[in-house]
Protein chains: 2
Amino acid sequence: MKIGELARLAGSNVETIRYYERKGLLPIPARSEGNYRIYGPMHQERLTFIRHCRGLDMTLDEIRTLLHFKESPEENCGEVNRLLDDHIGHVVHRIGELQALEKQLQELRGRCPDERRASTCGILEGLSQSGINEKPMENHIPGVHGTALKSPKEPE
Amino acid sequence: MKIGELARLAGSNVETIRYYERKGLLPIPARSEGNYRIYGPMHQERLTFIRHCRGLDMTLDEIRTLLHFKESPEENCGEVNRLLDDHIGHVVHRIGELQALEKQLQELRGRCPDERRASTCGILEGLSQSGINEKPMENHIPGVHGTALKSPKEPE
DNA sequence: TAAAAACCCTTGAGTCGCTACAAGGTCAAG
DNA sequence: CTTGACCTTGTAGCGACTCAAGGGTTTTTA
Ligand SMILES: [Zn+2]
Ligand SMILES: [Zn+2]
Ligand SMILES: [Zn+2]
Ligand SMILES: [Zn+2]
């Protein structure tokens, strides 16, 4: 099967498949005479696995680890289980952050119940004040991973 | 004041300040004889405002809008209030997504209560099956904004 | 006073997980 | 033989930064 069909079958997209190949998540496929990538059922299974994982918001690194265990069936799966626990931790952590965020935002919203001149808007005022969200949340993470709003790292 | 001091005062970081300047969020400062950026209290206030907003996970675009209203005190602040409502919506939406995600992950985790051979790991098995998270969540968003896991867009 | 340290400058590239071209090659049907 | 769907490589872009190279300037210290 060629790349377009694989994409359709896995509900994915051609460029994404080539991207996964570059990133080492999908094994390099055979090529046809005309230099087309040729895939078999194992590629399809693997791609589907990857997409399931991405649907659960895992990073490509996390997925790489899981794929390793898929390929070595006699290894102990403890690390898989731990990886999932950690990942659940990522999600739970992020939920907590966002709930705190919502509270702050609601509080801020409450400061301007009506429409006024911008100079007296309680929201703009609140955002200018120190005291509201003085320091960025520690470990403030977009999605469930990655890094955003790091505080400037202190010299060692 | 020079850029380093401003960074310290605002709990920010020098590169970020220059980045905001490039992006038009901070007004272009005067320069010293030695070509150093020279800032005053208004720059500090503005940067602090921006950092507060980022601490609340707003995009730079959202912040740009707020800054506009800060600068035009006699405009009506209705749009500010709406922007905040929308942004609260972004956060609430994302919380809902992450809670659904956590449920799925917990369910998956339950499939492998002990450590076994990888070939019989309930988690790896679950991720391979169709049926679990068949299609990516609609509108699955990293952070509170942006777009990830778009399904391939259909031709118009 | 001169060297060393600390600060600042610009430019350009890297991060993540894709998406979207552009310019061309290949293949089946009509 | 031509059309058009499909494929190829390569490059650039998103957001919000972060970091490194290779300089110039200012401040501190010996
Ligand atoms: Zn994770
Ligand atoms: Zn208002
Ligand atoms: Zn928002
Ligand atoms: Zn297991």
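Every heavy atom of this structure was used, including side-chain atoms; hydrogens, water molecules and symmetry mates were not. Residue numbering restarts at 1 for every chain, and letters A, B, ... go by the order of the sequence lines. If you're wondering where the values come from, they're calculated on a predicted model, not measured in any experiment.
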Could you tell me the separation between the [atom1] atom of [X] and the [atom2] atom of [N], rounded to a whole number of Å?
X: B:Arg64; N: D:dG15; atom1: CZ; atom2: C1'; answer: 11 Å
X: B:Glu21; N: C:dT10; atom1: CD; atom2: C1'; answer: 12 Å
X: A:Ile63; N: C:dC18; atom1: CD1; atom2: P; answer: 8 Å
X: B:Tyr20; N: D:dG15; atom1: OH; atom2: C1'; answer: 11 Å
X: B:Ile3; N: D:dG24; atom1: CD1; atom2: C1'; answer: 15 Å
X: B:Ile28; N: C:dT10; atom1: CD1; atom2: P; answer: 11 Å
X: A:Leu47; N: C:dG17; atom1: CG; atom2: C1'; answer: 14 Å
X: A:Tyr39; N: D:dC7; atom1: OH; atom2: C1'; answer: 11 Å

Picking from C:dG17, D:dA16, D:dT8, which would you name as closest to the side chain of A:Leu60? C:dG17

Given D:dT18, D:dA16, C:dA20, identify the nucleotide with an atom nearest to the side chain of A:Glu15. C:dA20

So A:Asp57 and A:Val91, do their side chains get closer than 4.5 Å, heavy atoms only? no

Hey, does the side chain of [X] come within less than 4.0 Å of [N]'s phosphate (OP1/OP2), counting only N and O?
X: B:Arg51; N: D:dA16; answer: no
X: A:Thr16; N: C:dG17; answer: no
X: B:Tyr19; N: D:dG15; answer: no
X: A:Arg37; N: D:dC7; answer: no
X: A:Asn13; N: C:dT19; answer: yes

Between the protein and nucleotides 23-28 of chain C, list every N/O to N/O distance that falls short of 3.5 Å.
{"unit_1": "C:dG25", "atom_1": "N2", "unit_2": "A:Tyr36", "atom_2": "OH", "d": "2.7"}
{"unit_1": "C:dT26", "atom_1": "O4'", "unit_2": "A:Tyr36", "atom_2": "OH", "d": "3.4"}
{"unit_1": "C:dT26", "atom_1": "O2", "unit_2": "A:Tyr36", "atom_2": "OH", "d": "3.2"}
{"unit_1": "C:dC27", "atom_1": "OP1", "unit_2": "A:Gly34", "atom_2": "N", "d": "3.4"}

Sorted by chain and number, sequence neighbours left out, side chain to side chain contact (heavy atoms under 4.5 Å, CB included) with A:Arg18 holds for A:Ile3, A:Val14, A:Glu15, A:Arg22, A:Arg37

Is it the case that the side chains of B:Tyr20 and B:Arg51 hold a donor-acceptor pair, with the cut-off being a distance below 3.5 Å and no angle test? yes

Closest-nucleotide 5' rank along DNA chain D - winner of B:Arg22 and A:Ile38: A:Ile38

Cluster link A:Leu60 to A:Val80, ILVMFWY, side chain under 4.5 Å: yes

Any carboxylate oxygen within less than 4.0 angstrom of a Lys/Arg side-chain nitrogen, looking at B:Arg46 and B:Glu71? yes

Please name the pair of heavy atoms, one in B:Ile38 and one in B:Pro29, separated by the smallest distance, quoted to 0.1 Å. O-CB, 3.4 Å

With a 6.0 Å cut-off (strictly less than), is the heavy-atom count around CD of B:Glu102, excluding the residue itself, greater than 12? yes

On DNA chain C, more 5' by nearest nucleotide between A:Lys23 and B:Arg31 is B:Arg31

NA contact type, B:Arg18, heavy-atom cut-off 4.0 Å: base, sugar-phosphate, or nothing? base

Picking from A:Thr16, A:Leu67, A:Leu47, what satisfies side-chain contact (heavy atoms from CB on, under 4.5 Å) with A:Leu26? A:Leu47

